[in-house]
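Working notes for the structure below.
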Amino acid sequence: MIKISPSILSCDYAKMGEEFKRMKQCGADWLHIDVMDGHFVPNITLGAPLVKCLRKCSDLVFDVHLMISDPQKYIPDFAKAGADVITFHLESDGDPAKTIDLIRSLGCVPAIALKPATPAEKVFPYLDKLGMVLVMTVEPGFGGQSFMYDMMPKVEAVRKEADSRGLSLDIQVDGGVNLQTAKTCIEAGANVLVAGSAVFGSPDPKDTILKLRTAAER
Ligand code: DX5
Ligand code: ZN
């Protein structure tokens, strides 16, 4: 099943609660919350206290993408604040197996993100313990960048490996996903599409979300 997770990095931060409600009305499945620490990536966004407040505004799945150096330190805060899926980067600090166990122990779904330079095989040792793999289709840090088509073999490789093990893994793509690139992502094996500027920059986000969801059929 295809799921659409609008990235709130592109929303109006002055009215986030309303934006969360609007995304539900527009048919979003999840809400993608980009957390950046200014260290793992050269940008700073938001922390757990804000997620806690936003939790009161939406019952959609909170898909928290941690672009931070020390995920283990902050994961309990985000879990308590109401995160559902917690994604950390394989390139961040700490033993990934322990980070996965921590996320699960807090009742959340663990996911690993791969930066463009990290090969698919690096995530294979953890696949059986994960709910999702995020294949970045831009360098993490900023919205509005161009989609990297050369990440599609990575999506295919992760899907192939998951299928060969009989795993019903979610595969997410994040960065530059729009009405032009969504079909390619789905055909490569992705089923969770993150879209920031494509959704929030659209004059009709509801139509854009529907078109993203049905991209493979067109
Ligand atoms: C980038 C973030 C993305 C970003 C995507 O580091 O992880 O979630 O918001 O934005 P668009 O869809 O505009 O490329
Ligand atoms: Zn993201």
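Ligands are counted one by one from 1 in listed order, and the atoms in each one are counted from 1 as well. Predicted model, so just to flag it, every value in this text is computed and none were measured.
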**Message:** Under a 4.0 angstrom heavy-atom cut-off, which atoms of ligand 1 come close to S7?
**Reply:** 4 (C), 8 (O), 9 (O)

**Prompt:** Please state which protein non-hydrogen atom is closest to atom 1 (C) of ligand 1 and give its distance, to 0.1 Å?
**Reply:** F142 O, 3.6 Å

**Request:** Could you check which N/O/S atom of D34 is closest to the Zn ion (ligand 2)?
**Result:** OD1

**Any N or O of D34 closer than 3.5 Å to N or O of ligand 1** = yes

**Request:** Just need the protein heavy atom nearest to atom 10 (O) of ligand 1, so name the residue and atom and give the distance.
**Result:** G143 CA, 3.5 Å

**Request:** Could you check if a side-chain atom of P96 sits within less than 4.5 angstrom of a side-chain atom of L90, using non-hydrogen atoms only?
**Result:** yes

**Prompt:** Relative to the heavy atoms of H65, which atoms of ligand 1 are at a distance of less than 4.0 Å?
**Reply:** 7 (O)

**Complete:** CD1 of I86 to CD1 of I100, rounded to nearest 0.5 Å, is 12.5 Å

**Item:** Interfacing atoms of ligand 1 (cut-off 4.0 Å, heavy-atom, L9)
**Value:** 4 (C), 9 (O)

**Request:** Classify the contact between S197 and ligand 1 as side chain, backbone, both or neither, using a heavy-atom distance cut-off of under 4.0 Å.
**Result:** both

**Prompt:** Who's the nearest protein heavy-atom neighbour of atom 14 (O) of ligand 1, and how far?
**Reply:** G176 N, 2.8 Å

**Atom indices of ligand 1 within 4.0 angstrom of H32 heavy atoms, with elements** = 8 (O)

**Request:** Evaluate the side-chain proximity of P76 to L106: yes if any heavy-atom separation is below 4.5 Å, no if none is.
**Result:** yes

**Asked** Given I112 and K122, is the side chain to side chain contact (heavy atoms under 4.5 Å, CB included) satisfied, shown in steps?
**Response** CA-CA 10 Å; I112 285 183; K122 293 270 185 194; over 6 Å; no

**Message:** Can you confirm whether K183 is buried at NZ, in the sense that more than 12 heavy atoms of other residues, nucleotides or ligands lie under 6.0 Å from that atom?
**Reply:** yes

**Prompt:** Which word best sums up how the rings of F62 and F20 line up, parallel for under 30°, tilted for 30 to 60°, or perpendicular for over 60°?
**Reply:** perpendicular

**Asked** Hey, are the side chains of M23 and I8 touching, using non-hydrogen atoms and a 4.5 Å cut-off?
**Response** no

**Atom CZ of F147: over 12 foreign heavy atoms under 6.0 Å** = yes

**Message:** Out of all atoms in ligand 1, which are within 4.0 Å of some heavy atom of M67? Include the element for each.
**Reply:** 6 (O), 7 (O)

**Asked** Side chains of S202 and D207: does their closest heavy-atom pair fall under 4.5 Å?
**Response** no

**Message:** Nearest 0.5 Å, please: how far is CG in L31 from CG in D59?
**Reply:** 9.5 Å

**Message:** Looking only at N, O or S atoms in D174, which is nearest to the Zn ion (ligand 2)?
**Reply:** OD2

**Asked** For G144 and ligand 1, does the shortest N/O to N/O distance drop below 3.5 Å?
**Response** yes

**Message:** Could you check whether D63 and H65, counting side-chain N and O atoms only, form a donor-acceptor pair closer than 3.5 Å?
**Reply:** no

**Request:** Measure the distance from atom 12 (O) of ligand 1 to every protein heavy atom, then report the residue, atom name and distance (to 0.1 Å) of the closest one.
**Result:** G196 N, 2.7 Å

**Request:** Would you indicate whether the side-chain heavy atoms of I209 and V199 approach each other to under 4.5 Å?
**Result:** yes

**Prompt:** With atoms numbered from 1 as shown, which atoms in ligand 1 lie under 4.0 angstrom from a non-hydrogen atom of G175?
**Reply:** 14 (O)

**Request:** For the Zn ion (ligand 2), find the closest N/O/S atom belonging to H65 and write down its atom name.
**Result:** ND1

**Complete:** Taking only non-hydrogen atoms of G141 and a 4.0 Å limit, the atoms of ligand 1 in range are 1 (C), 6 (O)

**Request:** Find all atoms of ligand 1 within a distance of less than 4.0 Å from any non-hydrogen atom belonging to P140, and give their numbers and elements.
**Result:** 6 (O)

**Taking atom 3 (C) of ligand 1 as the reference point, the nearest protein heavy atom with its distance** = D174 OD1, 2.9 Å

